[in-house]
Amino acid sequence: MKQRSVRSFAAAVSVMTVIVSAAACSTKAPNGTDGANSRSPQNAKIAFLMPDIASTRYELYDAPLFKAKVKDLCGGCEVLYQNAGGDAAKQQQQADSALAQGADVIVIDPVDSAAAAGTVRTAQGRGVPVIAYDRPIPAVKADYYVSFDNEKIGAMIGTSLVEHLRATSAEGGLLQVNGSPTDAAAGLIKKGIHSAVDSSGFDLLAEYDTPAWEPGKAQSWVSGQIAKFPGKIAGVVAANDGTGGGSIAAFKAAGAKVPPVTGNDAELAAAQRIVKGDQYNTISKPIKTVAEAAATAAYAFAEEKKPRGDTTLFGTPSELFTPTVVTRENIAEVLVGNGKPLKTADVCTATYAAACAEAGLT
């Protein structure tokens, strides 16, 4: 009996060893995949979640350029692209869907920087790194942030306009048309604009935070200010090309002379307005630069190689690029032509042919 008991105990230990070993082999990795059969970096899934379609850049440039760079780095990788259409709740659903599909990395340009904190926490809780793209997420530490220096952009926009107004001996005050109040990048741009405008000697007549960056809402607000300050508006500091375009439309609808109006993003329509003389400046931020940097960082995370960045913003390792101010004087050198962000043929349609020739775009 004693010998049989020993044999039974040994057999039980052997069975338990097999069970424990099997359990160890089936341990789940943080992203929900089997640790023993985790996906190769060459087959990674990378979510690319963009905020809206109010700005044409995301569909026309950011997404195609990001996808192309990922394909170049990793032929077997898959980009899960979604655009939230300005809806923060929809973007959260898209992030959840990407995680459910097994995303290895999430790259997100948040509709609402505060709301996106939940996305970061959820993803990181599953072991999925998050790259904040273009707009930061201040409330939590994302794993990486790729953008242009937004505060510097605001300062450049404001300084360029102020210098122009001084050079032309303009009189009157300024309107400041900011971006979305839920966008942390807009807050940085706003801060930068104030650094240039507040000490400029030009009175700030009024300012407005444009919900969702919608050009129509900027136009409506500026229309009200034109009626309130007739003949007293020397210039408009608009935070992007959409709000700048809305501001210009307001003056034209009112039958008033369009003062110098700023912009940002170097959109095609903005380039045409600059050539024609309706818009004073924009900011050239070669989207190829940030899209490819984000794709490179995302693939590095997929390979479990965390990029370091060259600075830190909101506690997050960051890669921030410096943009260029574009006016009619340098548009041919910086923005339009061979090897530049915009093609001459696209900008210089029949409507703008004469103005393009005057601006040296031939």
### Query
Do we see a donor-acceptor contact under 3.5 Å between the side chains of Q101 and S97?
yes
### Query
Do you see a donor-acceptor pair shorter than 3.5 Å between the side chains of Y81 and Q94?
no
### Worked check of side chain to side chain donor-acceptor pair (under 3.5 Å) between D149 and T322
CA-CA 6 Å; D149 188 329; T322 301; 5.9 Å; no
#### Entry: Mutual orientation of the aromatic rings belonging to W221 and Y208 [parallel < 30°, tilted 30-60°, perpendicular > 60°]
parallel
## Note on the structure
Result for side chain to side chain contact (heavy atoms under 4.5 Å, CB included) between S284 and one of N330, L335, V325, D265 points to L335
### Task
Could you state whether V258 and I274 fall into the same hydrophobic cluster, counting links through intermediate Ile, Leu, Val, Met, Phe, Trp or Tyr residues with side-chain heavy atoms under 4.5 angstrom apart?
no
### Task
Name all residues meeting the ring-ring contact (aromatic ring centres under 6.0 Å, His included) criterion together with Y58; count only those two or more places apart in sequence or in a different chain, and write none if there are none.
none
### Task
Enter the distance from S55:OG to E214:CD here, rounded to the nearest 0.5 Å.
12.5 Å
### Message
I want to check something: taking the side chain as every heavy atom from C-beta on, are D143 and T316 in contact at a cut-off of under 4.5 Å?
### Response
no
### Task
Find the distance between CZ (F251) and OG (S223) and round it off to the nearest 0.5 Å.
9.0 Å
#### Entry: Identified side chain to side chain contact (heavy atoms under 4.5 Å, CB included) partner of K190 from the options D209, N150, D183
D209
### Message
Side chains of I108 and I137, heavy atoms from C-beta outward: is any pair under 4.5 Å?
### Response
yes
### Query
Atom CG in L320, atom CD in E151: separation rounded to 0.5 Å?
11.0 Å
### Query
Does anything in residues 227-253 pair up under side chain to side chain donor-acceptor pair (under 3.5 Å), and if so which pairs, sequence neighbours excluded?
N240-T243, D241-Q279, D241-T282, K252-D278
### Message
Does either side chain, that of Q42 or that of Y299, offer a donor lying less than 3.5 Å from an acceptor on the other one?
### Response
yes
### Task
May I ask you to check whether F66 and Y133 place their ring centers less than 6.0 Å from one another?
no
### Query
Any side-chain heavy atom of Q176 within less than 4.5 Å of one from L204?
yes
### Task
Fit a plane to each ring of F301 and Y144, take the angle between them on a 0 to 90° scale, and name the class: parallel (under 30°), tilted (30 to 60°) or perpendicular (over 60°).
perpendicular
